[in-house]
Number of protein chains: 2
Amino acid sequence: MTQFNQSRVPVPTLGRLATYLRVLSDLERTHVQTISSAEMERQTGINAAQFRKDLSYFGEFGKPGVGYTVVELQDRITRILKIDRRQPVILVGAGNLGSALVGYPGFQENQMELVAVFDNNPAKVGTVIHNLTIQDFRSVKELNQQLHARIAIIAVPAVGVQRVADDLVHSGIKAILNFAPATLRVPEDVAVRNVSFMQELAVLSYHTSGKLMAPDVLPPSNK
Amino acid sequence: MTQFNQSRVPVPTLGRLATYLRVLSDLERTHVQTISSAEMERQTGINAAQFRKDLSYFGEFGKPGVGYTVVELQDRITRILKIDRRQPVILVGAGNLGSALVGYPGFQENQMELVAVFDNNPAKVGTVIHNLTIQDFRSVKELNQQLHARIAIIAVPAVGVQRVADDLVHSGIKAILNFAPATLRVPEDVAVRNVSFMQELAVLSYHTSGKLMAPDVLPPSNK
DNA sequence: TGCTGTGAATTAGTTCACAGCG
DNA sequence: CGCTGTGAACTAATTCACAGCA
């Protein structure tokens with residue numbers, strides 16, 4: 001029964017789709033043709049039923065008695081995540097972290113193309129990192145009229161980050177990956193995901209030398 | 001396979017505690033004495049009842065009609081998260097990302113002390129970044145007998161990351177923050193949290209130009 | 001009165017269990 | 001058969017709603 005469960009997809013499902021994609025790439029590289037949900041569980045630690053259910057939100061993909069065709073599933077997931085074609089991404093903040101991100105491999109692998117880097121520090125503007133010239137953040141709106149990026153990464157200090165977010169929203173950005181330790185206020189139609197190292201470390205710290213068990217042993221914390 | 005800790009503190013609660021701590025620091029700096037759950041909601045986007053419930057797992061902290069004493073709450077949360085004293089942390093991988101992390105401010109703020117950096121690249125061993133000399137990863141077990149770190153950050157490529165994790169576990173590490181896009185297999189008593197930029201970007205990509213709403217608008221994704 | 005603390009209700013997410021197809 | 005796809009059962013997490021206290 002191919003009914004597109006267009007009813008809301010759980011957010012954690014989307015994160016897991018990216019994990020499946022990673023495994024599928026490995027399988028493709030080693031010329032494996034098909035994979036069953038049980039084998040996917042072995043590779044990722046994610047429950048086999050969970051894998052099947054995650055896919056079921058988007059239609060039917062597998063062949064009973066056989067499993068899933070690697071390349072076909074890969075193709076479907078990339079289309080679901082809209083990374084079947086290049087996604088332009090802009091980065092704000094060319095500090096330690098921002099600069100490290102520019103050189104991060106894996107953008108390419110996931111069809112994410114970093115198309116511009118911005119900073120507000122005049123000393124940095126004009127400098128080149130990894131083939132990209134750092135632009136003045138004040139020109140973000142104007143430049144994004146050409147670039148058409150819908151995704152932005154924020155890697156600036158917490159102070160002033162709200163202003164940065166506001167300007168990005170006015171530049172047409174619809175999704176923000178925020179590394180600054182601050183809560184952003186954005187319109188309803190803009191998605192935000194926060195990455196906080198310190199928060200992650202704090203959670204881990206809680207578990208050290210406690211009598212408490214690890215919350216998730218094998219499975220990745222796919223939020 | 002995902003078995004949860006026998007205590008009934010939800011994992012997301014721990015992440016939010018770190019967020020509250022951030023707000024409390026700001027308040028302390030500006031000499032604010034008390035804060036109500038409603039005001040905390042305004043500052044973080046986290047529901048006021050959620051805030052109260054999060055704290056209730058650990059006892060009673062507030063004064064009815066008044067709110068919470070900033071410094072007292074700060075003190076209690078740091079003790080809960082075991083960051084009331086310095087937590088030694090070791091880092092594996094001195095590449096782009098690893099190096100950026102070494103210079104990250106906020107370790108100090110959260111009483112996390114980066115005490116050693118390791119790499120397996122002989123060209124890097126001996127080099128200094130931010131006052132820390134890069135050590136040969138093969139000496140991690142030996143060195144950690146002095147350092148007594150229980151928390152490690154992994155910032156190496158996906159290939160070989162399982163070996164790194166195994167060695168860390170044998171060196172007494174009980175909590176791992178993993179930046180490599182791979183699923184780690186570790187003993188039950190070792191906690192792992194995965195940070196995957198590409199996964200986060202994939203989730204955001206899904207939300208671009210779709211008719212679907214952002215999953216969490218104001219509240220930080222404290223998963 | 002203005003707030004906290006918390007059972008109860010609700011919503012979200014995961015896993016089970018099995019019908020049914022190739 | 002061996003596998004998928006999915007309603008049903010379950011478990012986790014959030015939010016409501018209100019009693020009770022300073």
Side-chain angles (χ1 to χ4, degrees), chain A residues 1-17 19-20 33-42 44-70 72-73 76 203 213 215-223, chain B residues 1-17 19-20 33-42 44-70 72-73 76 203 213 215-223:
Chain A
M1 188 137 305
T2 311
Q3 108 247 358
F4 295 102
N5 228 333
Q6 201 62 296
S7 60
R8 287 211 287 297
V9 178
V11 182
T13 290
L14 299 170
R16 286 190 297 264
L17 288 181
T19 302
Y20 305 146
Q33 305 284 310
T34 60
I35 184 170
S36 66
S37 60
E39 178 55 25
M40 185 59 86
E41 173 167 349
R42 245 163 270 137
T44 60
I46 297 165
N47 179 289
Q50 178 83 81
F51 170 72
R52 297 197 301 274
K53 176 138 290 191
D54 284 341
L55 296 179
S56 78
Y57 292 115
F58 305 97
E60 305 194 353
F61 298 81
K63 294 175 191 55
V66 182
Y68 301 78
T69 307
V70 169
E72 189 188 307
L73 187 54
R76 299 293 292 270
V203 173
M213 296 302 304
D216 50 276
V217 175
L218 218 197
S221 57
N222 277 318
K223 287 56 187 300
Chain B
M1 144 174 293
T2 303
Q3 90 285 46
F4 270 66
N5 43 25
Q6 37 272 79
S7 107
R8 30 220 59 76
V9 180
V11 181
T13 290
L14 299 170
R16 286 190 298 264
L17 289 181
T19 302
Y20 305 146
Q33 307 284 309
T34 59
I35 183 170
S36 66
S37 60
E39 178 57 23
M40 186 59 87
E41 173 167 350
R42 246 163 269 137
T44 60
I46 296 166
N47 180 287
Q50 178 86 79
F51 171 71
R52 298 198 300 275
K53 176 138 291 192
D54 283 342
L55 296 179
S56 78
Y57 293 114
F58 306 98
E60 304 194 353
F61 298 82
K63 295 176 190 53
V66 182
Y68 301 78
T69 307
V70 170
E72 190 188 308
L73 188 54
R76 299 291 293 272
V203 173
M213 297 302 306
D216 49 285
V217 175
L218 219 196
S221 54
N222 276 318
K223 304 348 151 37

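In what follows, every heavy atom counts, from backbone to side chain, and hydrogens, waters and symmetry copies are set aside.
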**Message:** OP1 or OP2 of C:dA12 versus the side-chain N and O atoms of A:Y57: is any pair under 4.0 Å?
**Reply:** no
**Prompt:** Are A:K53 and A:T13 linked by a side-chain donor-acceptor pair shorter than 3.5 Å?
**Reply:** no
**Request:** May I have the distance from A:M40 (atom CE) to D:dG5 (atom P), rounded to whole angstrom?
**Result:** 13 Å
Would you list the protein and nucleotides 20-22 of chain D atom pairs, both N or O, that sit under 3.5 Å from each other?
none

**Prompt:** Of A:K53 and A:G67, whose nearest nucleotide on DNA chain D comes first from the 5' end?
**Reply:** A:G67
**Item:** Gap between atoms CZ and P, on B:F51 and C:dT6 respectively (whole Å)
**Value:** 14 Å
**Message:** Using OP1 and OP2 only, check whether a side-chain N or O of B:Y68 sits under 4.0 Å from C:dG2.
**Reply:** no
**Asked** Is there side-chain contact between B:F61 and B:R76, with at least one heavy-atom pair below 4.5 Å?
**Response** yes
**Among A:I35, A:L73, A:D54, the one residue meeting side chain to side chain contact (heavy atoms under 4.5 Å, CB included) with A:Y20** = A:D54
**Request:** Using atom CG of B:L55 as one end and atom P of D:dT15 as the other, report the distance to the nearest whole Å.
**Result:** 15 Å
**Fill in**
When rounded to whole Å, the CG to C1' distance for the pair A:L73 and D:dC3 reads 15 Å
**Item:** B:Q50 CD - C:dT4 C1' separation (whole Å)
**Value:** 15 Å
**Fill in**
When rounded to whole Å, the CD to P distance for the pair B:E41 and C:dT4 reads 12 Å
Any protein N or O atoms within reach of nucleotides 17-19 of chain C? Criterion: under 3.5 Å, listing atom names and distances.
residue: C:dA17; atom: N6; partner: A:R52; partner atom: NH2; Å: 3.2

**Prompt:** Are OP1 or OP2 of C:dT4 and a side-chain N or O of B:S37 less than 4.0 angstrom apart?
**Reply:** yes
**Message:** So which atom in B:E41 and which in B:A48 form the shortest heavy-atom distance, rounded to 0.1 Å?
**Reply:** OE1-N, 2.8 Å
**Asked** CG of B:L14 versus P of D:dA13: gap in Å, rounded?
**Response** 10 Å
**Message:** Any side-chain N or O of A:R16 below 4.0 angstrom from OP1/OP2 of C:dT14?
**Reply:** yes
**Complete:** Rounded to whole Å, the CG-C1' distance (A:D54 to C:dT14) equals 10 Å
**Prompt:** For A:N47 and C:dC16, is the shortest distance between a side-chain N/O and OP1 or OP2 below 4.0 Å?
**Reply:** yes
